Amino acid sequence: MLPYISDPNTSTRELVEALASICPERFRSLPDSFNGRILLRPVVCPDRVNVIVSAGGGCHPLSYGYLGDGMADACINGNRRCAPSAYDIYEAALKIGSSSGNLLIYNNYMGDYLNNDLAAELLSLEHIPCALCGATDDCLSAPPGAPRGERGGQTGLLYLIKIASACARAGLSLKEVSRIAHKANERMSTLTVTMDYERQLVHLGEGFSGEPPVSTHADCFSIDGIAELSFDTLCRDLKPAPSEKIYMMVSRMTLTHPEDAYILASRIKQYAGPLHPVGRVDAGFYTNLYHAQGFLITFLCADRELEQYLQGRFYSDTFSF
Amino acid sequence: MDHLTCGQLQEMLLKVSEKIVTSEPLLTELDTVIGDGDHGFGMRIGFSAVAKELTGRSWNSPYDLLKETGMTLIRVMGGTSGVIFGTLFIGGLSSLEGKESLSVQDFADYIDMGTKSIARRGRTSRGDKTMYDALIEASESLLASASSGESFEAAFEKAYAAAKQGVENTKSMLSKKGRSKNFKDKTLGHPDTGAVSVSLIFEAFQETIR
């Protein structure tokens, strides 16, 4: 991760205050909240299901960049490199006061899961309906054949937020929003591709906390090589049905040029074209989790039901989606 | 004694807070050997806040008192310890709704639900070398005391002895959860720090009601 000049003990609260101050048309803070780490959309919609996303701190633009029309209604980050707090999630849901309930979306890491699960219990004490959906799209984070719940989450989180938000805006019940989000989670997969320019190697499955790669490839150090390797790996994992379209997202890592991400996304689309129907393809900078050269490539296999909730467009400072 | 009033429960929780706060050096020392050394600090922050919230106030029901205790821990502690020890106090609340005082059976059921909630949420079980290894022993002891119609004095004495035994048991276990699992064989011979915190909680219960 790039070094910071701000204070790690207060940076999450200060960021929330800064965003609300600089972009009041997009963000609202809750100055009277206990930790001051809750960010909301300017207008609260308590008459429908609300989507609350949470993540560790310092993972920009996760999660404040995922807040807005067509995306999350509230976001909570923990302190830098710390899981989000159950109390902050609980307080955000209380403030929104949705009569239809809240879907809590997070990446499936232990601290994130524990705090979201506890927040749901705290909300149940207040008789506020709540459901959980943890992203488990990191395809090489668990051994082949392991239960999906053992996988961590990556950029697939964005698809969950977008789909859940579209469902909520369509007026679906919490039960339905949750069912469709879980269905999308089962049908998505993300591949971590890191590159060693000196030795011309491509690594797959490297973790952002220093976990070693799962495999290393010497014969595909090119845009076309990575396009083919990633498409084949993700299709092996997802086994797309003929009735499904593959939606794709290419997120560049912090040390990779934007143009490489766009060109790679286009090449994957080109390679996939004759083999399988392709839906929308997106590319940009979705997370700074990896201070490395490489990409996070996410596929979502969408049937007709999922596709109807993938139609909107969302524009942030660093990506469109 | 066969029923706990709100006032007695409040005294027990204040005693727990005092004991945890004064045990910070011990908890830090234990956690430094096989963890990241922050358990004592986090517990001290949490239970100092509990003592502050509980001192000089009165509650109408055990439900409200225990909810305030759990919510305070969750609000101020953060990290895994905040979730797990918050769950201990929150997880069994639904069994207390509408009760003005607690029988041994009520208290045993409340701790049992909290214990099960921790096992589910923390995806842990006996033998993982966690706080659960002491808690499950104390919880089962309380349930057995309730079935035998024992008094609170006897029930807490036995529950504390069971929790201490649970701490002893963790010495021969290899860590499977949390940061201490990275220490592998080095955790052998050392008690789990969270389990020690559980035994301190039951020690405080026993010292208050005897």
Side-chain angles (χ1 to χ4, degrees), chain A residues 8-10 12-13 32-38 54 56-57 76-94 104 106 108-127 132 134 136 142 146-147 149-152 207 209-211, chain B residues 36 38 41-42 45-46 49-50 52-53 61 63-97 110 113-114 116-124 128 130-132 176-182 194:
Chain A
N9 298 307
T10 57
T12 301
R13 181 171 52 75
D32 57 344
S33 64
F34 187 76
N35 290 311
R37 295 188 297 230
I38 299 167
S54 59
I76 290 100
N77 281 62
N79 279 333
R80 196 178 294 160
R81 285 294 194 182
C82 296
S85 140
Y87 193 80
D88 290 348
I89 300 165
Y90 159 83
E91 221 182 359
L94 277 187
L104 309 184
Y106 56 95
N108 186 41
Y109 298 110
M110 197 57 179
D112 299 54
Y113 153 74
L114 282 173
N115 281 283
N116 276 277
D117 193 58
L118 177 57
E121 182 172 355
L122 299 180
L123 288 165
S124 75
L125 293 174
E126 310 295 340
H127 308 290
L132 298 166
T136 57
E150 290 185 15
R151 294 182 179 188
S209 301
E211 296 89 342
Chain B
D36 48 15
D38 64 354
F41 174 78
I45 296 287
V50 168
K52 198 174 162 192
E53 287 294 329
S61 70
Y63 178 97
D64 289 340
L65 171 58
L66 290 162
K67 184 181 175 190
E68 182 66 46
T69 303
M71 290 298 273
T72 301
L73 293 175
I74 291 160
R75 199 162 46 224
V76 304
M77 279 178 74
T80 308
S81 290
V83 173
I84 296 298
F85 282 89
T87 300
L88 172 59
F89 289 96
I90 295 286
L93 277 181
S94 60
S95 71
L96 304 183
E97 275 183 282
Y110 165 72
M113 282 180 72
K116 285 178 176 152
S117 196
I118 286 171
R120 183 195 65 77
R121 178 162 294 137
R123 296 165 180 166
T124 192
D128 284 348
T130 67
M131 60 84 79
Y132 181 79
K176 293 177 190 159
K177 299 275 174 184
R179 200 150 298 171
S180 62
K181 76 174 183 228
N182 301 331

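These numbers come from a predicted model, not from an experiment. Convention: sequence-line order gives letters A, B, ...; per-chain numbering from 1.
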| query | Between A:Y113 and B:R123, is there a cation-pi geometry (under 6.0 Å to ring centre, at most 45° from the normal)? | reply | yes
| request: Side chain from CB out, backbone as N, CA, C, O: work out which of these in A:N35 comes under 4.5 Å of a heavy atom of chain B, or both, or neither. | output: side chain
| remark: Note: B:G91 and A:E121 closest approach over all heavy atoms is CA-OE2, 3.3 Å
| said: For chain A, which candidate among B:R120, B:M77, B:E97 shows the most heavy-atom pairs at distances under 4.5 Å? | reply: B:R120
| said: To the closest 0.5 Å, what do you measure between CZ (B:R121) and CE (A:M110)? | reply: 10.5 Å
| What part of B:I90 gets closer than 4.5 Å to chain A, counting heavy atoms only: side chain, backbone, both or neither? | both
| said: Would you say that more than 12 heavy atoms from the other residues, nucleotides or ligands in this model lie under 6.0 Å from the CZ of B:F41, or not? | reply: no
| task | Pick one of side chain, backbone, both or neither for B:S117, based on which atoms fall under 4.5 Å of a heavy atom in chain A. | result | side chain
| query | So how far is it from B:T87 OG1 to A:L118 CG, rounded to the nearest 0.5 Å? | reply | 4.5 Å
Using distance only, find each side-chain donor-acceptor pair of residues 66-76 of chain B under 3.5 Å and give its atom names and separation, not counting sequence neighbours.
unit_1	atom_1	unit_2	atom_2	d
B:K67	NZ	A:E126	OE2	2.9
B:E68	OE2	B:T72	OG1	3.3
B:T69	OG1	B:L65	O	2.9
B:T72	OG1	B:E68	O	2.6
B:T72	OG1	B:R75	NH2	3.4

